[in-house]
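Counting starts at 1 for both ligands and their atoms, in listed order.
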Amino acid sequence: MNNKKIYLDHAATTSVDKDVLQRMFPWFSENYGNPSSIYSLGSKSKKVIEDSRDVVAKILNCKSSEIYFTSCGTESDNWALKGIAYANQKKGKHIITSNIEHHAILHTLKYLEKQGFSITYIPVEKNGIIDPIKVKNAIKKDTIMISIMYANNEIGTIQPIGEIGLIAKEFDIIFHTDAVQAMGSIPIDVQSLNIDLLSMSAHKFYGPKGVGVLYIKRGVKIDNLLHGGGQEKTRRAATENIANIVGLATALEKASKNLKKYNKHVSKLRDLTVKLVMEKIPETIINGDIKNRLSNNINFSFRYIEGEGLLLFLDMSNIYASSGSACTSGSLDPSHVLLATGLSAERAHGSLRLTFGWDNSIEDVYIVVNELEVIVKKLRELSPLYDK
Ligand code: PLP
C-alpha cells in the first residue's frame with residue numbers, strides 16, 4: 001500500500017501556487033477598500049483590478065476593456081450563452097455546439113431550449129475531435145452563435161478552434177469558446193483565432209477557486225447576467241473579489257511564462273504512464289486522440305472494471321484521480337463525453353482520468369502504475385464478466 005499522497009486530478013482543480021497566495025494576502029484585511037469608493041483605500045483596490053485586467057488582456061492579445069471578471073467558469077459560460085441568446089434573438093434563435101461540452105454549457109443550452117431557442121449538437125468523431133465541416137454544414141439562416149470548447153475536460157482533446165473561428169467569421173456568427181481547461185496549457189491569441197467570447201477559470205491554472213474571466217470582443221451585443229451596481233463598466237454588478245482577481249492574474253501570468261516548461265514536465269509523466277500502463281495492464285484502451293490532447297491528460301478504459309471501485313481502491317492507496325462516471329442524483333451515469341466517442345456504457349464505466357501537474361514526479365508514475373496493476377487485477381478477479 002502506498003503512503004505518499006499523489007494528486008492526479010489537476011483537471012478537477014489545482015492547489016493555489018505559493019507566490020499567487022502571497023500576492024493575494026494583502027487584499028483581504030490590509031487593502032480592503034471597496035473599489036467603487038473614491039478615497040485612496042478604494043482607489044488602491046480599483047488600480048489593482050485594472051492592473052490585473054491589463055495582465056489578462058496582454059496574454060489573450062486583446063484590449064483591457066474587453067476583459068470582465070466573473071465568479072467562475074460556469075458564470076462565464078452562462079453569461080456568454082444567455083447574454084448572446086437574449087441580446088440577439090431578434091436576429092435568430094439557433095445555436096451550434098458540440099455533444100462533448102461541459103455541463104456549464106450543455107445545461108445552459110437545455111435551459112435556452114425551453115425558452116424557444118434551437119440547438120444543434122455536433123457529434124464528435126471517434127477520437128473526440130470535432131470536424132469543422134460539420135459545424136459549417138450546421139449553419140442556418142438564423143444561427144446567432146457557435147460555442148465549442150477549446151479542450152475537453154475528460155479526454156483532453158483539443159478542438160480546431162482556429163478553423164471554427166474562421167467559419168464563424170465568414171458567416172458573421174458570434175463565436176464563443178470555453179477555454180477553462182486550455183488556459184495555462186495552450187497559448188491563446190483571441191484575435192488570430194477569431195474568438196469573440198472566451199471563458200476561463202483561475203482554479204484550473206494554480207489560481208484560487210471562485211474567480212473567472214469572460215472575454216467579450218468590443219462591439220459584440222450581449223445582455224447582462226447580473227443586475228445591480230455599475231461594476232465592470234456596468235456589465236456585471238457585484239463588488240469585485242479583489243484578492244481573487246489578483247490571484248487569477250498572477251497565476252495566469254506565471255502559467256504563461258512557464259508554458260513550455262510545464263508542458264514538457266507533464267507530458268513526460270503522462271507519456272511514461274501511458275507506456276507502462278499499456279505494457280502492464282491488458283485489455284486497456286485509451287480514450288480520445290492520443291496526439292491532439294492536453295499534455296497533462298490521459299483517459300483509460302479498463303475492461304471488466306467499475307471506475308467507482310477503482311477510484312475507491314486508489315483513494316485507499318492515497319492516489320486521487322477521477323473516473324468517467326459521475327454520481328448524479330444517486331445514479332451512476334456513464335460520461336456523456338465517452339459515450340459521444342462511441343464507447344459502450346460498460347467501457348465508459350471502466351474509465352480512469354489521470355491529469356498531471358507541477359507537483360507530480362517520475363516516482364509518482366511508478367507508484368501509481370504499480371498500484372493500478374494490482375487494483376485492476378483484484379477488481380477483475382471479482383468481476384463475474386471476467387474470464388480468468
Ligand atoms: N468548463 C469546463 C471545460 C470545465 O472543465 C469546468 C470545470 O471543471 C467548467 C467549465 C466550470 O468551471 P468552474 O468550476 O470555475 O465553474
min-distance protein heavy atom vs atom 4 (C) of ligand 1 -> His102 CD2, 3.3 Å
I'd like to know whether ligand 1 has His203 as a neighbour, heavy-atom separation below 4.0 Å. yes
Numbering the atoms of ligand 1 from 1, which are under 4.0 Å from a heavy atom of Asp77? 1 (N), 10 (C)
With no hydrogens and no angle check, just 3.5 Å: does a side-chain donor-acceptor pair link Thr157 and Asp289? no
Taking atom 13 (P) of ligand 1 as the reference point, the nearest protein heavy atom with its distance: Gly73 N, 3.6 Å
Atoms in ligand 1 with a heavy atom of Cys72 nearer than 4.0 Å: 15 (O), 16 (O)
Of all the non-hydrogen atoms in the protein, which one sits nearest to atom 15 (O) of ligand 1, and at what distance? Ser201 OG, 2.6 Å
Do the two ring centres, one from Tyr32 and one from Trp27, sit under 6.0 Å apart? no
May I ask you to decide if the ring planes of His107 and His103 are parallel, tilted or perpendicular, using 30° and 60° as cut-offs? parallel
Could Lys233 and Tyr68 be counted as a cation-pi pair, given that NZ or CZ must be under 6.0 Å from the ring centre and within 45° of the axis? yes
Any side-chain heavy atom of Ile222 within less than 4.5 Å of one from Leu197? yes
What part of Ile105 sits under 4.0 Å from ligand 1 if we count only heavy atoms: the side chain, the backbone, both or neither? neither
Would you please say whether a donor-acceptor pair under 3.5 Å links the side chains of Ser301 and Asn287? yes
Any atoms of ligand 1 less than 4.0 Å from a non-hydrogen atom of Met149? List them with their elements. 3 (C)
To which protein heavy atom is atom 5 (O) of ligand 1 closest, and what is the distance rounded to 0.1 Å? Gln181 NE2, 2.8 Å
With heavy atoms and a 4.0 Å threshold, my read on which part of Glu75 contacts ligand 1 is neither
Is the shortest distance from a heavy atom of Glu101 to ligand 1 less than 4.0 Å? no
What residue and heavy atom of the protein are closest to atom 11 (C) of ligand 1, and at what distance? Thr74 OG1, 3.4 Å
Going by the atom numbers of ligand 1, which of them fall below 4.0 Å from some non-hydrogen atom of Asn153? 3 (C), 5 (O)
How far is atom 1 (N) of ligand 1 from its nearest protein heavy atom, and which residue and atom name does that atom have? Asp178 OD2, 2.6 Å
Which heavy atom of the protein is the closest neighbour of atom 7 (C) of ligand 1, given with residue, atom name and distance? Lys204 NZ, 3.0 Å
Evaluate the side-chain hydrogen bond (donor to acceptor under 3.5 Å, both in side chains) criterion for residues Gln115 and Tyr86: first the C-alpha distance (whole Å), next the side-chain angles of each, then the deciding distance (0.1 Å), finally the verdict. CA-CA 10 Å; Gln115 299 187 27; Tyr86 296 149; 3.1 Å; yes
Near-ring test Tyr304/Phe302, centroid separation under 6.0 angstrom: no
Over 60° means perpendicular and under 30° means parallel, so tell me whether His265 and Trp358 are parallel, tilted or perpendicular. parallel
Hydrogens and angles aside, do Ser64 and Asp54 bring a side-chain donor and acceptor to less than 3.5 Å of each other? yes
